[in-house]
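Please find one structure pasted underneath; my questions will follow.
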Amino acid sequence: MSGSGHLFERLRHKLLAALEALCKAGELPVSDVSGVGVDVPKERAHGDIATNAALVLAKPARKPPLEIAEMIAREMRKDESFEKVETAAPGFVNFTLKPESVVAELTEVLREGENYGKNTSGAGKKVNVEYVSANPTGPLHIGHVRGAVFGDALANLLEWSGFDVCREYYINDAGLQVDVLARSTFLRYREALGEDIGKIPDDMYPGEYLCAVGKALAQEHGESLLEKSESEWLPAVRKTAVALMLKMIKEDLQELGIVQEYFASEREVLERGGVERVLERLSEKGLLYEGVLEPPKGKEVSDWQPREQTLFRSTAFGDDTDRALKKADGSPTYFVNDIAYHFDKFERGFSEMIDVWGADHGGYIKRQQAAVEAMTDGKGCLDIKVCQLVRLLRDGEVVKMSKRAGTFVTLRELVGEAGRDATRFMMLYRKNDAVLDFDFAKVVEQSKDNPVFYVQYAHARARSVLRAADEMPELRDKDAARDFAGLRHPKELDVIKQMAVFPHVAENAAKAHEPHRIAFYLYELASAFHVLWSEGKRDPSLRFLNPEDCKTTLDRVGLIRGVSRVLSNGLGILGVEAPEEMR
RNA sequence: GUCCCGGUAGCUCAGCUGGAUAGAGCGACUGCCUCCUAAGCAGUAGGUCAGAGGUUCGAAUCCUCUCCGGGACGCCA
């Protein structure tokens with residue numbers, strides 16, 4: 001096979017060309033081909049690749065699907081890369097590749113190397129992925145980890161699809177909670193100056209990580225802040241505290257290998273007049289009005305009083321109720337700040353935005369999407385990925401966590417115990433909208449029961465063979481261009497076919513914003529490789545390295561090089577190490 | 001009360017934006033190391049895809065309702 005793009009893409013192009021030919025010949029009226037897809041059939045007996053083209057086109061063409069399938073098959077048989085092109089009820093066309101076509105894909109893998117699997121569907125378009133965005137009031141804990149890993153892997157995946165990705169963190173540095181942080185820090189500042197502060201009041205952050213911030217303040221300001229009133233010292237203390245909290249958070253993220261490049265400050269968005277612009281713009285569109293909200297249902301709100309305030313007509317965009325943008329006293333709500341922030345992103349050139357949120361914010365999706373649509377006249381697109389809760393298990397028992405009791409597990413503790421790779425892989429080995437169990441005992445287990453290990457082990461095994469091959473004098477200076485004619489065993493071809501699916505999986509995973517598909521794919525590829533390996537135990541003629549037969553050995557070395565390449569490319573998307581050997 | 005997310009083998013979960021006889025792993029039973037990492041592989045058993053309707057050539061997948069589990073609802077952030 002030749003041409004551009006990966007195997008599946010090429011086949012689809014050929015298919016579309018065949019359809020066009022049939023259309024021109026007047027045999028088959030074809031108008032819309034958007035539903036035509038190529039995929040791996042579930043049943044091996046159905047060949048290597050299948051298409052639903054005939055089924056999709058049957059109705060508009062007013063012809064029986066099987067008849068169309070026959071026409072397509074007849075057309076596609078002209079292509080020499082297929083061993084068989086068959087039709088099957090109710091109207092599938094199944095393609096079986098010639099071994100030469102299969103191994104040609106291995107040549108592609110080796111030629112493209114670290115770029116194998118990339119695609120250009122993003123076409124350099126800017127996309128903004130915002131994740132973590134934890135309040136800068138303390139260290140990250142386990143609740144933040146899933147979103148952090150998910151967002152990071154998604155960003156990698158989008159880059160893999162040719163998007164121009166910005167990894168962003170939104171700093172909530174304008175709300176009441178950072179004032180609480182400042183007061184809590186001020187307490188630690190007085191402590192650092194030798195005062196006995198006693199028990200930390202309930203309305204302050206008790207964490208000891210603030211002691212260092214208090215000391216830093218003492219060093220910077222001496223005792224000078226003590227004489228000032230709160231309104232005088234608070235802004236300075238807040239600024240220092242937020243900056244140091246953010247530094248700590250960035251260090252936490254580094255533990256996971258995460259580095260974001262843009263840190264958006266809520267305060268700065270506000271200072272640039274973001275809120276005023278939101279109100280103006282929505283007002284111009286007639287989407288603001290003064291009104292009274294219904295009291296919230298299902299939750300007793302003791303101090304509820306109906307009050308007139310400025311509301312945004314978000315129901316016009318699918319929200320369940322209109323939302324307040326101003327409090328009764330006229331000050332802006334958090335929501336309006338968030339709208340300003342998202343509009344800020346849009347104005348920075350991101351018409352495509354992705355937010356990664358925790359499950360507890362699920363109720364805010366509709367209003368935020370409504371706001372983006374309203375503010376950008378539908379030109380901005382916001383996808384919000386919600387990561388469900390992580391249940392931490394130790395020996396099969398749920399680890400109960402409480403912030404108050406100080407028993408919540410921090411990111412550092414988690415990564416320290418489970419390791420970066422296991423943490424990242426396991427956080428991605430589940431789709432984002434399902435609750436995830438994270439079992440300490442399992443994620444560090446060195447066995448096939450642990451998918452992280454299983455995949456990494458496959459890579460390590462591959463590398464060990466390659467090291468052994470490097471030691472073989474028989475193979476020296478013979479690494480010329482290969483036709484891989486020595487690779488004809490079905491199990492060998494299976495591994496290559498599995499490799500060939502990678503670009504297809506990566507592209508679809510990126511389109512769906514679902515990095516977990518990469519993790520599951522890698523497990524399958526690892527499995528195909530482990531199978532081949534074991535086959536060599538059973539049948540010595542399948543062993544990879546054979547000094548008696550340099551030609552076949554070199555072909556197989558190429559195969560293994562390909563496996564290790566695809567595994568490491570895929571693990572790279574997940575941000576997981578592809579190890580040379582297991583320790 | 002309303003909204004969001006789940007419900008698939010005994011357990012934990014995939015199922016690629018409607019396709020073929022619904023797939024893995026664990027657990028259970030049975031096998032495979034004079035041989036590149038057995039840290040692995042092979043085989044057997046196991047399902048009314050929560051339930052009921054609907055849409056169509058075709059539904060685990062889409063729509064409606066019901067049941068079960070989780071999360072959420074504010075002028076907080």
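Every chain is numbered from 1 and lettered A, B, ... according to where its sequence line falls, protein lines coming before strand lines.
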| message | Within the 4.0 Å heavy-atom criterion, would you say A/A88 contacts the bases, only the backbone, or no part of the nucleic acid? | response | base
| Distance between P atoms of B/rG51 and B/rC68 (Å, rounded) | 15 Å
| query | Picking from B/rG70, B/rC4, B/rA77, which would you name as closest to the side chain of A/N135? | reply |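 Minimum distance to the A/N135 side chain belongs to B/rA77.
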| field | Reported CG-to-OH distance for the pair A/L567 and A/Y521, which is rounded to 0.5 angstrom | value |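 Answer rounded to 0.5 Å: 7.5 Å.
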| request: Using atom CG of A/L475 as one end and atom C1' of B/rC36 as the other, report the distance to the nearest whole Å. | output: 13 Å
| query | A/L466 CG to B/rC36 C1': how many Å, rounded? | reply |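 Result: 11 Å.
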| task | Could you work out the separation of B/rU55 and B/rU8 based on their C1' atoms and round it to a whole Å? | result |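 Approximately 23 Å lies between the C1' atom of B/rU55 and that of B/rU8.
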| field | Distance between C1' atoms of B/rU66 and B/rC57 (Å, rounded) | value | 30 Å
| query | What's the closest nucleotide to the A/L389 side chain, out of B/rG71, B/rG6, B/rA39? | reply |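 The listed nucleotide nearest to A/L389's side chain is B/rG71.
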| message | Treating A/Q369 as the side-chain partner and A/L382 as the backbone partner, does any N or O pair qualify as donor plus acceptor under 3.5 Å? | response | yes
| Between C1' of B/rA59 and NZ of A/K42, the distance in whole Å |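 Taking atom C1' of B/rA59 as the reference, NZ of A/K42 is at 11 Å.
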| No-H, no-angle donor-acceptor pair, A/N94 side chain to B/rA20 base, under 3.5 Å |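 Per atom types, the contact qualifies.
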| Rounded to the Å, how far apart are A/R323 CZ and B/rC76 P? |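 Distance check: A/R323 CZ to B/rC76 P gives 12 Å.
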| said: Closest approach to the side chain of A/A434, judged atom by atom: which nucleotide of B/rA14, B/rC36, B/rC41 is it? | reply: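 The nucleotide sitting nearest to the side chain is B/rA14.
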| What is the distance from atom CD of A/E70 to atom NZ of A/K63, rounded to the nearest 0.5 Å? |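 Between A/E70 CD and A/K63 NZ, I get 13.5 Å after rounding to 0.5 Å.
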| Between atom CZ of A/R313 and atom CG of A/L311, what is the distance when rounded to the nearest 0.5 Å? |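 The CZ atom of A/R313 sits 9.0 Å away from the CG atom of A/L311.
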| said: Nearest to the side chain of A/K366, heavy atoms from C-beta on, is which of B/rG70, B/rC76, B/rC4? | reply: B/rC4
| task | Take A/E580 and A/V93, find for each the nucleotide of RNA chain B with the closest heavy atom, and name the residue whose nucleotide sits nearer the 5' end. | result | A/V93
| request: Please measure how far the P atom in B/rC63 lies from the corresponding atom in B/rU56, and state the result in whole Å. | output: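 So the two P atoms sit 16 Å from each other.
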| said: Can you see if the side chain of A/S464 gets near the phosphate of B/rU37 - specifically, an N or O under 4.0 Å from OP1 or OP2? | reply: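 For B/rU37, OP1/OP2 do have a side-chain N/O of A/S464 under 4.0 Å.
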| said: Taking syn as a glycosidic torsion within 90° of 0 and anything else as anti, which one is B/rC5? | reply: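 Here the answer is anti: the torsion falls beyond 90° from 0.
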| task | Report the distance from atom CE of A/M426 to atom CG of A/D437, rounding to the nearest 0.5 Å. | result |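 The distance works out to 9.5 Å.
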| Pairwise C1' distance, B/rA14 and B/rU61 [rounded to whole Å] |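 So the two C1' atoms sit 13 Å from each other.
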| Along RNA chain B (nearest heavy atom to each residue), the more 5'-positioned of A/R461 and A/F520 |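 The residue closer to the strand's 5' end, by nearest nucleotide, is A/F520.
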| said: Tell me whether A/H361 and B/rA72 count as stacked here, given that the ring centres must be under 5.5 Å apart and the planes must differ by less than 30 degrees. | reply: no
| task | Please state whether the base of B/rC26 and the side chain of A/Y454 form at least one donor-acceptor pair under 3.5 Å? | result | no
| field | Candidate pair A/D494 and A/R44, rule salt bridge (Lys or Arg N to Asp or Glu O under 4.0 Å), full reasoning | value | CA-CA 10 Å; A/D494 279 349; A/R44 166 137 322 180; 2.8 Å; yes
| field | Inter-nucleotide P distance (B/rG47, B/rC67), Å rounded | value | 29 Å
| Touch check for A/Y523, heavy atoms < 4.0 angstrom, all strands: base, sugar-phosphate only, or nothing? | sugar-phosphate
| Distance between the P atoms of B/rG53 and B/rC11, in whole angstroms? | 26 Å
| message | Does B/rA38 have its OP1 or OP2 closer than 4.0 Å to a side-chain nitrogen or oxygen of A/W533? | response | yes
| request: Evaluate whether the aromatic ring of A/Y334 and the six-membered ring of the B/rC76 base sit under 5.5 Å apart, centre to centre, with an inclination under 30°. | output: no
| query | Are A/K511 and A/E507 close enough, and set up right, to give a salt bridge (Lys or Arg N to Asp or Glu O under 4.0 Å), and what steps lead you there? | reply | CA-CA 6 Å; A/K511 276 190 182 129; A/E507 183 170 353; 3.0 Å; yes
| task | Determine the interatomic distance between P on B/rA59 and the same-named atom on B/rU21; round to the nearest Å. | result | 10 Å
| request: Determine: side-chain N/O of A/K537 to OP1/OP2 of B/rC32, distance under 4.0 Å, yes or no. | output: no
| remark: To the nearest angstrom, the CG-C1' distance between A/L55 and B/rG18 comes to 11 Å
